Q: 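What follows is a structure written as structure tokens; I'll ask about it next.
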Amino acid sequence: MERWSATLKVPVHHANGAARCCRVAVSLCTSPPSETLTAPSANAVFFGGDRAGGTGGPVVERLSDPQAIAEVLVSKFGGSVNAWVVEASTFNGPFAVYKEFVPSANKYGEPRSYSHVGFPAASSTLSLLSNCLEEAKNVLSRKSNPVSTSSLPPQGHEPKTVILGFSKGGTVLNQLVTELSHSQTASSGHPSSAEQELLGHEVPDIRAGTLVLPTTKERFLNSIQEIHYVDVGLNSSGAYITDPNVIGRLSQQFVQRSQALHFVLHGTPRQWCDRDRIWIRREKDRLLHLLKSESQKAGGKIQVAEKFYFADKPPNLEMHFAIIEKLDVSI
């Protein structure tokens, strides 16, 4: 299996009809010799944080590049995954603002609250990835023959989804967890007209669209099997989801499902030992406690692990980015 990589700028459609463009680095599975897109074993979706380029530090500069992060994801999760590295559509100076995904975000990208109403993060993520997939097919079709999708797995075997949030990208994870706690088990049919309207565009009615990516927000949410918080943190509260009602509902959802949901909290002293932002560690500890408690109630269908990196070093910006390469994604 080979890969096709590029950095695309594509629109993300919001439920209110508005559209902004996000930069997304992709590394997609293809089959030689015609670069035919093939279905992955999983889609690894990484939401980035604030901009920190221009520091002069080689580690920070390299891991500020979305394409470099996409390559890291493939090396971590395996050559059969599709990697998608998402940047926020809006930056207020260096501050990433994921307004389409987290509607309560202020001008600095800090959330005032998390609500499942309208499922904005699931809808926006699926809209963005679907548009990326269409753009990739358009590019590949111009290079060779029209893109076929013959090398797909049997019907019903959709790829799982792995979600990663780095730094402020963790706010999107919190929103997705909130929505996942209110989701319903997906049906196997095509999206309804109402679902297409919510997405803001038609989901591509082709086999690649149904097996490379989920076709509805419900199917997308139900495909999530791993959630990785990667050194998340904010200058305000809300870096981690700490609502016991959300985690309780999530546990109730997964008692009825066949697959488990794995949470991994990755951190460095940069965030977890910041004396000026002590709420970050407190929120992390609170989420960890809630997940461990609900794991027992859910019969192990909710799993959680905590992984601390560079524990013997003083906090610095380099470790905040270096954790991306050091990630232990085993579950």
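Note that the structure is a prediction, hence the values are computed from the model and not measured.
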Q: Taking ring-ring contact (aromatic ring centres under 6.0 Å, His included) as the definition, give me every residue that meets it alongside W279, ordered by chain and number, with sequence neighbours left out.
A: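 If we apply the ring-ring contact (aromatic ring centres under 6.0 Å, His included) test to W279, skipping adjacent residues, there are no hits.
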Q: Output all residues satisfying side-chain contact (heavy atoms from CB on, under 4.5 Å) with S237, sequence neighbours left out; order by chain, then residue number.
A: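 Testing S237 for side-chain contact (heavy atoms from CB on, under 4.5 Å), a comparison that skips the adjacent residues, returns E283.
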Q: Between F91 and V102, is there a shared hydrophobic cluster once you connect ILVMFWY residues whose side-chain heavy atoms come closer than 4.5 Å?
A: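 No; tracing contacts between hydrophobic side chains, which count when under 4.5 Å, never links both residues.
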Q: Find the distance between CD1 (I302) and CD1 (I247) and round it off to the nearest 0.5 Å.
A: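 I302 CD1 to I247 CD1: 8.0 Å, rounded to 0.5 Å.
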Q: Can a salt bridge be assigned to the pair E325 and K76 using a cut-off of 4.0 Å between side-chain N and carboxylate O?
A: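 Salt bridge: no.
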Q: Hydrophobic clustering (ILVMFWY, side-chain heavy atoms < 4.5 Å, transitive) - are L140 and L129 grouped together?
A: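 Same cluster.
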Q: Keeping the roles fixed (side chain from T125, backbone from A122), state whether a donor-acceptor pair exists under 3.5 Å.
A: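 No, because the side chain of T125 does not come within donor-acceptor range (under 3.5 Å) of the backbone of A122.
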Q: For A96, does its backbone N or O pair with a side-chain atom of D50 as donor and acceptor, under 3.5 Å?
A: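 Indeed, once roles are kept as given, a pair shorter than 3.5 Å links the two residues.
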Q: Would you list the pairs meeting ring-ring contact (aromatic ring centres under 6.0 Å, His included) in which at least one residue belongs to residues 222-247, sequence neighbours left out?
A: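 Every pair satisfying ring-ring contact (aromatic ring centres under 6.0 Å, His included) with a residue in residues 222-247: F77-H228, H228-H266, Y229-Y240.
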Q: Measure the CD-OG distance between Q175 and S113 for me, rounded to the nearest 0.5 Å.
A: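 The OG atom of S113 is 8.5 Å from CD of Q175, to the nearest 0.5 Å.
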Q: If you look only at pairs with a residue in residues 222-242, which of them pass as a salt bridge (charged side-chain N to carboxylate O under 4.0 Å, His left out), with sequence neighbours excluded?
A: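 As it turns out, the salt bridge (charged side-chain N to carboxylate O under 4.0 Å, His left out) pairs with a partner in residues 222-242, which skip direct neighbours, are K160-E226.
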Q: Short question: side chain of S130, backbone of S127 - any donor-acceptor pair under 3.5 Å?
A: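 Side chain of S130 to backbone of S127, a donor-acceptor pair under 3.5 Å: no, none is there.
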Q: Listing request: all ring-ring contact (aromatic ring centres under 6.0 Å, His included) pairs with a residue in residues 161-183, at least two apart in sequence or in separate chains.
A: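 Only H116-H182, F166-H320, F166-F321 qualify under ring-ring contact (aromatic ring centres under 6.0 Å, His included).
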Q: Pick from L265, V304, N174, V177: which one makes a side-chain contact (heavy atoms from CB on, under 4.5 Å) with L287?
A: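 It is L265, the one option of L265, V304, N174, V177 that forms the side-chain contact (heavy atoms from CB on, under 4.5 Å) with L287.
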Q: Say whether, by atom type as modelled, one donor and one acceptor occur between the side chain of R281 and the main chain of C273 under 3.5 angstrom.
A: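 Such a contact is absent between R281 side chain and C273 backbone.
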Q: If the condition is side-chain contact (heavy atoms from CB on, under 4.5 Å), which residues does R282 pass it with, not counting sequence neighbours?
A: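 With neighbours one apart ignored, the set is I278.
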Q: If you look at every heavy atom in V12 and C22, which pair is closest and at what distance?
A: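 Here V12 and C22 meet closest at CG1-SG, 3.8 Å.
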Q: Can you sort out the partners of E87 under salt bridge (charged side-chain N to carboxylate O under 4.0 Å, His left out), two or more places apart, ordered by chain and number?
A: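 For E87, the residues satisfying salt bridge (charged side-chain N to carboxylate O under 4.0 Å, His left out) (neighbours in sequence not counted) are R23.
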Q: Could you walk me through whether W272 and F308 satisfy the ring pair (Phe, Tyr, Trp, His ring centres under 6.0 Å) test, starting with their C-alpha distance in whole Å, then the side-chain angles of each, then the deciding distance to 0.1 Å, before giving a yes or no?
A: CA-CA 9 Å; W272 290 358; F308 193 35; 5.5 Å; yes
Q: Less than 4.5 Å apart, any side-chain heavy atom of V10 and any of E135?
A: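 Side chain of V10 against side chain of E135, heavy atoms only: contact under 4.5 Å found.
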Q: P214 and L126: which non-hydrogen atoms are nearest, and at how many Å?
A: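 Minimum heavy-atom contact is O-CD1, 3.1 Å.
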Q: Going by heavy atoms in the side chains, are K9 and C21 under 4.5 Å from each other?
A: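 Yes, at least one pair of side-chain atoms sits under 4.5 Å.
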Q: Do V45 and V86 have side-chain heavy atoms sitting under 4.5 Å apart?
A: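 Sidechains of V86 and V45: in contact.
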Q: Got a second to check how far Q225's CD is from Q303's CD, nearest 0.5 Å?
A: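 Reported value, rounded in 0.5 Å steps: 12.5 Å.
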Q: Show me the pairs that pass salt bridge (charged side-chain N to carboxylate O under 4.0 Å, His left out) and involve residues 110-125, at least two apart or across chains.
A: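 Of all non-adjacent pairs touching residues 110-125, none passes salt bridge (charged side-chain N to carboxylate O under 4.0 Å, His left out).
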Q: Do T36 and S31 have a side chain donor and acceptor closer than 3.5 Å?
A: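 No, no side-chain donor-acceptor contact under 3.5 Å.
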Q: So how far is it from N82 CG to T38 OG1, rounded to the nearest 0.5 Å?
A: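 Separation between the atoms: 7.0 Å.
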Q: Look only at the side chain of N316 and the backbone of M319, and say whether a donor-acceptor pair between them is shorter than 3.5 Å.
A: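 Yes, N316 side chain to M319 backbone: donor-acceptor pair under 3.5 Å.
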Q: With a 4.5 Å cut-off on side-chain heavy atoms, are L164 and F47 touching?
A: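 Result no, sub-4.5 Å side-chain heavy-atom pair not found.
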Q: Test of understanding: with side-chain contact (heavy atoms from CB on, under 4.5 Å), list the residues that count as partners of S75, not counting sequence neighbours.
A: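 S75 satisfies side-chain contact (heavy atoms from CB on, under 4.5 Å) with V72 once adjacent residues are dropped.
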Q: Short question: side chain of N43, backbone of A83 - any donor-acceptor pair under 3.5 Å?
A: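 Checking the backbone N and O of A83 against the side chain of N43, no donor-acceptor pair under 3.5 Å is found.
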Q: Would a 4.5 Å heavy-atom cut-off, applied to side chains only, mark F254 and L180 as touching?
A: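 They are in contact (side-chain heavy atoms under 4.5 Å apart), so the answer is yes.
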Q: Do the non-hydrogen side-chain atoms of F263 and L288 ever get within less than 4.5 Å of each other?
A: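 They are not in side-chain contact.
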Q: T90 and side-chain contact (heavy atoms from CB on, under 4.5 Å): which partner among K99, R20, K107?
A: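 So the option named by the test is R20.
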Q: Any donor-acceptor pair under 3.5 Å linking the side-chain atoms of T7 with those of Q67?
A: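 Yes, a side-chain donor-acceptor pair sits under 3.5 Å.
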Q: Treat each ILVMFWY residue as a node, draw an edge where side-chain heavy atoms are under 4.5 Å apart, and state whether V162 and I69 are in one component.
A: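 Same hydrophobic cluster.
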Q: So, do F46 and I163 sit near enough that their side-chain heavy atoms are less than 4.5 Å apart?
A: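 No - every pair of side-chain heavy atoms lies 4.5 Å or more apart.
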Q: Closer than 3.5 angstrom, by distance alone: can the side chain of S115 be matched with the main-chain N or O of V117 as a donor-acceptor pair?
A: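 Yes; judged by distance alone, with no hydrogens or angles, the pair exists.
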Q: Quick one: do I227 and W84 end up in the same hydrophobic cluster if we chain Ile, Leu, Val, Met, Phe, Trp and Tyr together by side-chain heavy atoms under 4.5 Å apart?
A: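 Per the 4.5 Å side-chain linkage, I227 and W84 are co-clustered.
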Q: Taking atom CG of L291 and atom CD of E306, what is their separation to the nearest 0.5 Å?
A: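 If we round to the nearest 0.5 Å, L291:CG and E306:CD are 11.0 Å apart.
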Q: Okay, side chain of T171, backbone of K168: is any donor-acceptor separation there less than 3.5 Å?
A: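 Side chain of T171 to backbone of K168, a donor-acceptor pair under 3.5 Å: yes, one is there.
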Q: Do side-chain atoms of S64 reach the backbone of A52 as a donor and acceptor pair under 3.5 angstrom?
A: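 No; zero donor-acceptor contacts below 3.5 Å.
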Q: If you measure from CG on D243 to CG on L250, what distance do you get to the nearest 0.5 Å?
A: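 It is 11.5 Å, given to the nearest 0.5 Å.
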Q: Shortest non-hydrogen contact from A39 to V212?
A: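 So the two residues come closest at CA-CG2, 4.2 Å.
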Q: Search all heavy atoms of V232 against all heavy atoms of A239 and return the closest pair with its distance.
A: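 Shortest heavy-atom contact: CG2-O, 3.7 Å.
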Q: Taking only residues two or more places apart in sequence or in another chain, which ones pass ring-ring contact (aromatic ring centres under 6.0 Å, His included) with Y114?
A: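 Counting only residues at least two positions away or on another chain, Y114 forms no ring-ring contact (aromatic ring centres under 6.0 Å, His included).
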Q: Report the residues that fulfil side-chain contact (heavy atoms from CB on, under 4.5 Å) with P94, sequence neighbours left out, ordered by chain and then residue number.
A: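 Here no residue qualifies.
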Q: I'd like to know if the side chain of E100 pairs up with that of S124 as donor and acceptor (distance under 3.5 Å, no hydrogens or angles considered).
A: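 Checked: E100/S124 side chains show no N/O donor-acceptor pair below 3.5 Å.
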Q: Are V139 and L128 linked, directly or through intermediate hydrophobic residues, by side-chain heavy-atom contacts shorter than 4.5 Å (ILVMFWY only)?
A: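 Yes, L128 connects to V139 through the hydrophobic network.
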Q: Looking only at heavy atoms, which two atoms of G300 and A260 are closest? And how far apart?
A: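 The pair with the smallest heavy-atom distance is O-CB, 4.1 Å.
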Q: Of all heavy-atom pairs between S223 and P159, which one has the smallest distance, and what is that distance?
A: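 Result for this residue pair: CB-O, 3.9 Å.
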Q: Which is it for R249 and Q253 under the side-chain hydrogen bond (donor to acceptor under 3.5 Å, both in side chains) test, yes or no, and what are the steps along the way?
A: CA-CA 6 Å; R249 286 185 62 98; Q253 288 274 1; over 6 Å; no
Q: Check whether any side-chain heavy atom of Y108 lies under 4.5 Å from a side-chain heavy atom of N92, and answer yes or no.
A: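 The answer is yes; the side chains approach within 4.5 Å.
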Q: For residues 260-278, which residue pairs qualify under salt bridge (charged side-chain N to carboxylate O under 4.0 Å, His left out), counting only residues two or more places apart or in two chains?
A: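 Qualifying pairs: D274-R277.
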Q: So, K217 and E179, do they make that salt bridge, N to O below 4.0 Å?
A: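 Judged by the 4.0 Å cut-off on N to carboxylate O distance, K217 and E179 do not form a salt bridge.
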